[in-house]
Amino acid sequence: MSERTADLVLTGGPVQTVDPTRPFATSVAVRGERIVAVGHDEVHDLIGPGTEVVDLHGRLLVPGFQDAHVHPVGAGVELGQCDLAGLTGADALLARIRTWAEDGPDRLWITGGGWSMEAFPGGTPDRHLLDRAVPDRPVYLVNRDHHGAWVNTRALELAGVTRGTPDPADGRIERDPDGEPSGMLQEGAMELVARHVPRTTLDEQLAGLLRAQRVLHSHGITAWQDALLGEHASTADPAPAYRRAALDGLLTARVRGALWWDREAGPEQLDRLRERREAFTVGRIRSHTVKIMQDGIAENGTAALLAPYLTPCGCASANSGISFVDPAELARIVTLLDREDFQVHFHALGDRAVREALDAVAAALAANGRRDNRHHLAHLQVVDSADVPRFRELGATANIQALWATHEPQMDDLTIPFLGAGRAARQYPFADLVRSGAVLAAGSDWPVSSPDPLAALHNAVNRQEPGSTRPVFLPEQRITLHAALTAYTAGSAYVNHLDDTGVIAPGRLADLAVLDRDIFARPVEEIAHARVQQTFVGGQRVHAAADA
């Protein structure tokens, strides 16, 4: 093939480039890993005898999606365990657990997760339910949010957790009226049992990673940021699985790894983080980020709030959530990490955690000046209005999980009543952030929620699940489809430091996704009906649907 011809040409359909200099085209040419031409019929001049031509037939071509906050290894491993995702009600959950245990009589522990809190009163299941389903072996099942675990009596006995066991500083043991552990462990209390759960092997993790990579590619995802490289609760460190996949040429996605900040270890772990950055930067993975979890989640009362949660009667409680890292210490840590050219990836749900994270970024900026580390705050469930403009001012990216911004049981029954009307009206302020000039990135937090970017785009635009009869959730915070797509492509590429991806333009890497329809030409209520037909990373096809 001559240097003038292309290896791949995609033509005959709308192209949303996400490039402000040329937002729309109908043809794209690729040579090697990179895009060499974007335009219309003139691109056909690059077609030669060896060029693969993909006729889009009116289907939409977009930049490959990038998930800015996801846990693929854990998700892939869970798919091979007792997978409870998508089940509704306690009876269905217990039937699945019982069947899984019966089908695996040699399993020493029953592990898995994905159950939803709304299946149980107050979001807290009881150990006796598990005892009836699995009486002979310990059970450890994380919930959909991965901020709590449901265990049976046998697991508590093996771990030595009794009515006399104190709550850890970063968690809570739920108890029955007599003070006995009820079987629900929140946040840091999960570790009391998790440390006794057999760790997944490296081979199991590698299999989970490859399983998850196939799923993510099938959704048009070409790159992601793994939000936790390290040991946490019952999850073994996924970093060695990434290293093996990268060295063996099995990692087809581009990955940014966020190294876990051990909040018990303090700044002394900096040398270890530098070592891990070097060890786990190989091939297509770059581990130049540090993940700091600053708070928990609203549903179990551990998201850090500026004012206390409400009680069921609507009165102020004594609980304002948990700041896992002291704010002054957080500012010192982030300043040190920034100076070492680590990006910081914050978990910040509550308005106090958001403020503390932004204050820490401000402290780093004051001490170190503006550096290109691209710190970002994920989740952002409740944001005080005074803090919205600070994202743009500080250069902090808002990393949104759009699927959570909707009326559903966990929101309506376990969150809004305990936030109160004022705070509930400040949840997931996507439109406010866009209007303020903040950079938005987007992610799924899979396996907490679906990895499907199209479902997330639908929710960001509609603030309502497809076909739902519930009201639109804070309709004033809906954003345009273009803004949502930009967040899931160029915005996430920005936080991933993948500056030659995220848009379709000459010279950029040919990371692309073909949808089965033009979602810009159809009603926004139909966005979630679209599906990905083909996915390309560096011009190489990594997914093709059966009907592609």
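For the single chain, residues carry numbers from 1 onward in sequence order. The figures that follow rest on heavy atoms only: side chains count, while hydrogens, waters and symmetry mates do not.
A salt bridge is absent between D126 and R132; no separation between the charged side-chain nitrogens and carboxylate oxygens falls under 4.0 Å. Salt-bridge formation is detected for the pair R263/D170: a Lys NZ or Arg NE/NH1/NH2 atom is positioned less than 4.0 Å from an Asp or Glu carboxylate oxygen. Between R470 and D412, at least one side-chain nitrogen of the basic residue sits less than 4.0 Å from a carboxylate oxygen of the acidic one, meeting the salt-bridge criterion. Ion pairing between R172 and D167 fails under the 4.0 Å rule for side-chain N and carboxylate O.
With hydrogens and angles disregarded, a donor-acceptor distance shorter than 3.5 Å links the side chain of N319 to the backbone of G321. Remark: the backbone N or O of M184 is not paired with any side-chain donor or acceptor of R127 at under 3.5 angstrom. N152 contributes no side-chain N or O that, together with a main-chain N or O of D131, makes up a donor-acceptor pair within less than 3.5 Å. Side-chain atoms of R374 do not come within 3.5 Å of backbone N or O of V344 as any donor-acceptor pair. With S182 contributing its side chain and D176 its backbone, the two residues share no donor-acceptor pair below 3.5 Å. Under the 3.5 Å distance criterion, the side-chain polar atoms of E174 are left unmatched by any main-chain donor or acceptor of P181. Without hydrogens or angle criteria, S287 side chain to F280 main chain gives a donor-acceptor distance under 3.5 Å. At least one donor-acceptor pair closer than 3.5 Å links the side chain of H217 to the backbone N or O of I221. N373 places a side-chain N or O within donor-acceptor distance of the main-chain N or O of D338, the cut-off being under 3.5 Å. At least one donor-acceptor pair closer than 3.5 Å links the side chain of T311 to the backbone N or O of C315.
Under the ring-ring contact (aromatic ring centres under 6.0 Å, His included) criterion, F391 pairs with no residue, sequence neighbours left out. A search for side-chain contact (heavy atoms from CB on, under 4.5 Å) contacts involving S323 returns Q294, A304, R352, E356, not counting sequence neighbours. Listed by chain and number, the residues in a side-chain contact (heavy atoms from CB on, under 4.5 Å) with D262 are E264, A265, Q269 (sequence neighbours excluded). Every residue two or more places apart in sequence or in another chain that forms a ring-ring contact (aromatic ring centres under 6.0 Å, His included) with H376 is listed here: H345. Residues satisfying the ring-ring contact (aromatic ring centres under 6.0 Å, His included) test with H347, not counting sequence neighbours, are H147, H379. Residues passing the side-chain contact (heavy atoms from CB on, under 4.5 Å) test with R244, sequence neighbours excluded: L202, D203, L206, D248. Residues meeting the ring-ring contact (aromatic ring centres under 6.0 Å, His included) test with H288, sequence neighbours left out: none. With sequence neighbours excluded, the residues forming a side-chain contact (heavy atoms from CB on, under 4.5 Å) with T406 are E408, N459, E465, listed by chain and number.
Taking 4.5 Å as the limit, every side-chain heavy atom of L380 sits out of range of all side-chain heavy atoms of N399. Annotation: side chain of L185 is in contact with side chain of I173 (closest heavy-atom distance under 4.5 Å). Taking 4.5 Å as the limit, some side-chain heavy atom of L336 sits within range of a side-chain heavy atom of L270. Using a 4.5 Å cut-off on side-chain heavy atoms (C-beta onward), L156 and T162 make no contact. The side-chain heavy atoms of P168 and E191, taken from C-beta on, include no pair separated by under 4.5 Å. With a 4.5 Å cut-off on side-chain heavy atoms, D226 and P72 count as touching. Taking the side chain as every heavy atom from C-beta outward, R423 and D351 approach each other to under 4.5 Å. Within the 4.5 Å cutoff, the side chain of L349 has no heavy atoms near those of the V354 side chain.
Side-chain contact of T289 with Q343: a donor-acceptor pair under 3.5 Å is present, judged by distance alone. No side-chain donor from either of R286 and T281 sits under 3.5 Å from a side-chain acceptor of the other. Judged purely by distance below 3.5 Å, without hydrogens or angles, the side chains of D67 and S444 pair a donor atom with an acceptor atom. Looking only at atom types and distance, the side chain of D445 has no donor-acceptor partner in the side chain of Q401 under 3.5 Å away. No side-chain N or O of H497 forms a donor-acceptor pair with one of Q225 less than 3.5 Å apart.
Using bins of under 30°, 30° to 60° and over 60° for the plane-to-plane angle, the ring pair H69/H71 lands in the perpendicular bin.
The shortest heavy-atom contact between A245 and L209 is CB-CD2, 3.8 Å. Shown here for L108 and P138, the closest heavy-atom pair between the two residues is O-CD, 3.4 Å. Nearest heavy atom pair, residue H146 against residue P447, reads CE1-CG, 3.5 Å. Summarising the geometry of P267 relative to R332, their closest heavy-atom pair is CG-NH2, 3.4 Å, with the distance given to 0.1 Å. For the pair F65 and V532, the tightest heavy-atom approach, listed with the atom from each and the gap, is CE1-CG2, 4.4 Å. The two residues L87 and A92 make their nearest non-hydrogen contact at CD1-O, 3.8 Å.
Annotation: salt bridge (Lys or Arg N to Asp or Glu O under 4.0 Å) contacts involving residues 151-162, sequence neighbours excluded, comprise R154-E157. Annotation: ring pair (Phe, Tyr, Trp, His ring centres under 6.0 Å) contacts involving residues 81-116, sequence neighbours excluded, comprise W115-F120, W115-W150. Residue pairs meeting the ring pair (Phe, Tyr, Trp, His ring centres under 6.0 Å) criterion with at least one partner in residues 405-424, sequence neighbours excluded, are H407-F473. Residues in residues 308-328 take part in no ring pair (Phe, Tyr, Trp, His ring centres under 6.0 Å) pair, two or more places apart or across chains.
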* **side-chain contact (heavy atoms from CB on, under 4.5 Å) between Q427 and M411, intermediate numbers included** => CA-CA 10 Å; Q427 293 186 89; M411 171 63 73; 3.3 Å; yes
* **Derivation of the side-chain contact (heavy atoms from CB on, under 4.5 Å) call for L474 and Y428** => CA-CA 9 Å; L474 303 178; Y428 305 115; over 6 Å; no
* To do: Could you give me the CA-CA distance, side-chain angles and deciding distance for C82 and T111, then say whether side-chain contact (heavy atoms from CB on, under 4.5 Å) is met?
  => CA-CA 6 Å; C82 185; T111 58; over 6 Å; no
* Please report the C-alpha distance between T222 and Q66 in whole Å, then the side-chain angles of each, then the deciding distance to 0.1 Å, and finally whether the side-chain hydrogen bond (donor to acceptor under 3.5 Å, both in side chains) criterion is met. => CA-CA 6 Å; T222 56; Q66 298 195 22; 4.8 Å; no
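At least one cation-pi condition fails for R284 and Y242: the charged atom is not both under 6.0 angstrom from the six-membered ring centre and inside a 45 degree cone around its axis.
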